[in-house]
Amino acid sequence: MTTIPRTAIYQAVLRQAFSNWGDASITLALDTTRLFQRWCVVCVSLTYRGRALPLAWQLLEHQSSVVSMEDIHPVLASVHSFLRHLPEVEEVYFRADRGFMDQKLMTLVTAYGWKWAIRGKGQVLVYDAQGKALGKVREQLSRHGSPVFLDDVYITADKYGPVSLAAYHAPGAREPWFVVSHHACGPGIFDEYAERFQIEAGFKDLKSAGFDLEASHFRDTTALNGLIFLLALAAVFLFSEGTSLKSEEQRRTVNGSCSFEVTKKDPPKMGL
């Protein structure tokens, strides 16, 4: 009997979902989450209406949320291969937190043709187009509290670039934001980057706020991989059903029959 790989099954389901959604521009987020203090899931998700749908992931027996580029690359490569066969997707935006500000990662997603924005670290060095040192990223902050935007600069001691840099410490915020991008930054870059946080909501859906993955008490890598695969399939179904209800303007009908309020930005619950 021929066994169809899980990736092939999942991507076939995703292709059908994408063809129905019809979005020409999508945003991806990369992040990790830990399970049982023993495993780490490296995941690239589609951010969508306040939630995140996993596109590819890798389960590692790894006791930290910090992973290497060697662990990340297969996940990114799988997503890139999948998206290449989706003619309806014309533009891909990629977001990642400061723990992923790696030159190899930036080079890879640039080669994929994705428009990326990654949160930077304050101690990273910045240079102008002539190679003159401008100091560290955190030194680019305005003393007047307004956002600062620098184009055609280079970062790190290796002078990687050219890139664009946006720096801002919002009033009352605990810490400033530094966003590095390979395309010109404007005031909207901070809201655009903030879409990355939807993957954290996606992880919460996977665990405590939705499927309650850790209640399974699985302690076997193969079994956990299989369960994550099944939950990801369920998530695609819920997203699709929720999106269908939204497009058919049945949200009020759903609210009338459920114990929770369905919001415009909550397709998974609409599916439920």
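In this chain, residues are counted from 1 in sequence order.
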Novice: Do S25 and E90 have a side chain donor and acceptor closer than 3.5 Å?
Specialist: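 No, because no side-chain N or O of S25 sits under 3.5 Å from a partner of the opposite role on E90.
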
Novice: Taking NZ, NE, NH1 and NH2 as the nitrogens, is one of them in E200 or K207 under 4.0 Å from a carboxylate oxygen of the other?
Specialist: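 Result for this pair is no, no salt bridge flagged.
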
Novice: Using ring centroids (six-membered ring only for Trp), state whether F190 and Y168 fall under 6.0 Å.
Specialist: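 That pair passes the under 6.0 Å test.
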
Novice: Who are the salt bridge (charged side-chain N to carboxylate O under 4.0 Å, His left out) partners of R38, not counting sequence neighbours?
Specialist: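 Per chain and number, R38 pairs via salt bridge (charged side-chain N to carboxylate O under 4.0 Å, His left out) with E61.
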
Novice: Verify whether the ring centers belonging to W57 and F229 lie closer than 6.0 Å.
Specialist: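 No - the distance between ring centres of W57 and F229 does not fall below the 6.0 Å cut-off.
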
Novice: Between Y193 and E195, do the side chains contain an N or O donor and an N or O acceptor separated by less than 3.5 Å?
Specialist: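 E195 and Y193 do not have a side-chain donor-acceptor pair below 3.5 Å.
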
Novice: Do Q58 and S78 come within less than 4.5 Å of each other through their side chains, counting heavy atoms only?
Specialist: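 Sidechains of S78 and Q58: no contact.
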
Novice: Regarding K159 and the six-membered ring of Y154, is the cationic atom NZ or CZ under 6.0 Å from the ring centre and inside 45° of its axis?
Specialist: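 Because its charged atom misses either the 6.0 Å distance or the 45° angle limit, K159 does not stack over Y154.
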
Novice: Which residues pass the salt bridge (charged side-chain N to carboxylate O under 4.0 Å, His left out) test with E88, not counting sequence neighbours?
Specialist: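 Counting only residues at least two positions away or on another chain, E88 forms no salt bridge (charged side-chain N to carboxylate O under 4.0 Å, His left out).
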
Novice: Determine whether the side chains of T222 and N225 contain a donor N or O and an acceptor N or O closer than 3.5 Å.
Specialist: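 Distance-only check fails for T222 and N225.
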
Novice: Between F36 and R219, is there a cation-pi geometry (under 6.0 Å to ring centre, at most 45° from the normal)?
Specialist: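 Cation-pi check for R219 and F36: passes.
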
Novice: Looking at the rings of W116 and F94, which for Trp means the six-membered one, are their centres under 6.0 Å apart?
Specialist: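 Aromatic pair excluded; centres sit 6.0 Å or further apart.
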
Novice: If only atom types and distance count, is the side chain of T47 paired as donor or acceptor with the main-chain N or O of T27 below 3.5 Å?
Specialist: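 Present.
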
Novice: Just so I know, are the side chains of L46 and F18 near enough to count as touching, which here means a heavy-atom distance under 4.5 Å?
Specialist: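 They are in side-chain contact.
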
